[in-house]
2 protein chains.
Amino acid sequence: MTRKNQYHHGDLKNALIQAGIEILSREGVNGLSLRKVARRAGVSHAAPYAHFADKQELVAAISTEGYKEIYERVYGAVQRHQGEPLRQLVEAAWAYVEFALNDPDHFKITLSGAVEKEKDYPALVEITQKSFNLVVELVAAAQRAGILRAGPPDLMAVSVWGLVHGFTLLILEDQISHTVLDRYKLKEMLIFSLDQITTVDIDPQAFI
Amino acid sequence: MTRKNQYHHGDLKNALIQAGIEILSREGVNGLSLRKVARRAGVSHAAPYAHFADKQELVAAISTEGYKEIYERVYGAVQRHQGEPLRQLVEAAWAYVEFALNDPDHFKITLSGAVEKEKDYPALVEITQKSFNLVVELVAAAQRAGILRAGPPDLMAVSVWGLVHGFTLLILEDQISHTVLDRYKLKEMLIFSLDQITTVDIDPQAFI
DNA sequence: CTCAAAATTTGACACTGTCAAGATTGTAGC
DNA sequence: GCTACAATCTTGACAGTGTCAAATTTTGAG
């Protein structure tokens with residue numbers, strides 16, 4: 001049986017990642033410590049060092065997991081609305097925002113580059129590029145449909161992703177004046193933002 | 001003489017904030033510790049507690065300082081191009097990006113909501129709102145000039161700020177594929193993004 | 001000059017990331 | 001089966017951290 005490593009714990013590496021994600025959503029970024037992760041996984045405080053060189057590497061793994069979930073959510077939205085480029089754009093963006101709202105600290109640690117640039121974590125780099133390519137495809141389809149203006153799709157992808165990412169962060173970090181927030185629903189606001197960048201007028205009612 | 005507090009150190013509170021900002025740009029977010037800040041200011045490890053209730057409060061003060069500098073840079077750009085709404089928009093956005101590039105970790109700690117939402121820090125809240133209002137004015141002026149579409153200026157401000165903020169973070173966090181980065185200058189890319197949201201076509205050459 | 005308040009130091013505590021040394025376990029080769 | 005070896009995990013230690021209580025020093029008001 002070529003099962004996964006079944007030494008003492010079974011599959012400690014993933015258990016640690018999972019424990020980290022749980023602590024993250026329960027206690028926030030400041031509550032995340034290697035020792036607490038180990039405790040929650042039921043191993044001694046130095047056990048993680050058999051699987052991660054240091055804390056950064058655990059964080060990188062947690063980030064990778066976060067990226068994967070974002071990718072799946074966004075990809076799901078794209079698949080669900082095949083042939084409707086506008087709807088694809090709106091729902092993909094909304095999926096992104098929804099993940100951030102569901103698990104703010106996991107989202108933050110994933111996208112806020114807590115990972116040092118010096119070392120590179122191959123799995124993280126891979127899913128990062130895969131995600132960017134997804135956006136590029138999404139954007140290219142929208143361009144073909146005349147919903148976004150012409151231009152280099154990768155540059156356009158930066159614009160669209162930037163818009164959505166910035167919107168998400170401003171909401172998450174409570175940077176938006178509450179007099180604004182009280183008057184609009186989040187998805188309405190997101191659509192309003194997307195509306196600025198598209199060539200067609202979006203009817204918010206069609207998406208809420 | 002109603003000079004500032006001239007007890008032992010003189011003006012320790014600001015010295016600590018300054019020391020924190022320096023450590024931040026030298027050693028990054030992970031290198032920032034209360035004790036190191038105290039050491040750099042030449043006081044004992046618990047001295048900061050006379051001026052800050054806890055580390056969060058120091059971070060909040062550093063964030064406030066960061067926000068002030070961003071405000072001044074952006075406000076300066078707005079003043080420098082009075083009567084040229086498009087130029088105002090572009091240069092204000094570029095000022096934002098430039099601060100982030102100059103002092104990435106100060107920018108991150110300022111905008112990445114390291115501050116807990118529970119407690120509120122009045123000075124931070126004030127400069128946050130002041131900054132948002134500046135964007136609203138900037139956007140309203142652009143709308144009057146027909147450069148941005150009509151619509152609630154505060155909503156439009158969220159869109160514009162979101163676009164610029166997202167762009168900045170994606171650059172900062174190295175989230176943009178390098179094959180894209182190599183082909184374009186940053187200001188070019190920023191203008192391309194802004195171009196998507198404006199009603200008029202922007203000539204990048206006019207700004208570089 | 002006195003004295004209380006403000007500012008700072010000293011010492012302690014629990015917690016953290018990390019490493020070295022040892023103990024335990026599974027696996028491969030015989 | 002046995003033996004070696006590598007992977008996995010524990011134990012113990014170290015310096016550094018945030019925070020607090022107590023003692024100390026300094027300041028300015030009366």
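What's counted below: heavy atoms across the whole structure, side chains too, no hydrogens, waters or symmetry copies. Below, chains carry the letters A, B, ... as their sequence lines are ordered, and counting in each starts from 1.
- Note: CG (B:Asp54) to C1' (D:dG18) measures 9 Å, nearest angstrom.
- One atom, CG of B:Leu34, and another, P of C:dT9, lie 14 Å apart when rounded to the nearest Å.
- Using a 4.0 Å heavy-atom cutoff across all strands shown, B:Ser44 reaches at least one base atom of the nucleic acid.
- One atom, CG of A:Leu58, and another, P of C:dT18, lie 10 Å apart when rounded to the nearest Å.
- You'll find that the side chain of A:His51 is closest to D:dC9, out of D:dC9, D:dT10, C:dT9.
- Between A:Tyr96 and A:Phe107, the ring centre distance stays below 6.0 Å.
- Remark: side-chain polar atoms of B:Lys187 are not paired, donor with acceptor, to backbone N or O of B:Ile208 under 3.5 angstrom.
- The distance from atom CD of B:Glu27 to atom P of D:dG16 is 13 Å, rounded to the nearest whole Å.
- Applying the 4.0 Å criterion to OP1 and OP2 of D:dT19, one finds that B:His45 has every side-chain N and O outside that range.
- Considering only side-chain N and O atoms, A:Arg39 lies under 4.0 angstrom from the phosphate OP1 or OP2 of C:dT16.
- As rounded to whole Å, 15 Å separates atom P of D:dC20 from atom CZ of B:Phe52.
- Not a single donor-acceptor contact under 3.5 angstrom links the side-chain atoms of B:Arg35 to the base of D:dG16.
- At whole-Å resolution of the value, CG in A:Leu32 and C1' in C:dC15 are 14 Å apart.
- Note that the CG atom of A:Leu111 and the NE2 atom of A:His106 stand 10.0 Å from one another [nearest 0.5 Å].
- Each of A:Lys36 and B:Ala47 has a nearest nucleotide on DNA chain C; the 5'-most of these lies closest to B:Ala47.
- Comparing C:dT18, D:dT17, D:dT19 by their nearest atom to the side chain of A:Lys55 picks out C:dT18.
- The backbone N or O of A:Gln196 lies less than 3.5 Å from a partner atom in the side chain of B:Arg149, making a donor-acceptor pair.
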Q. Should B:Lys68 and B:Glu72 be marked as a salt bridge (Lys or Arg N to Asp or Glu O under 4.0 Å) after you check the CA-CA gap, both sets of side-chain angles, and the distance that decides it?
A. CA-CA 6 Å; B:Lys68 281 184 184 166; B:Glu72 275 162 31; over 6 Å; no

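- Counting to the nearest Å, the C1' atom of D:dT19 and the CD atom of B:Glu57 are 14 Å from each other.
- Straight-line distance from the OH atom of B:Tyr49 to the P atom of C:dA12: 18 Å, rounded to whole Å.
- Nearest nucleotide to the B:Ala46 side chain, out of C:dG17, D:dC20, C:dA20: D:dC20.
- Comparing C:dT8, C:dT18, D:dC20 against the side chain of B:Ala50 picks out C:dT8 as the nearest.
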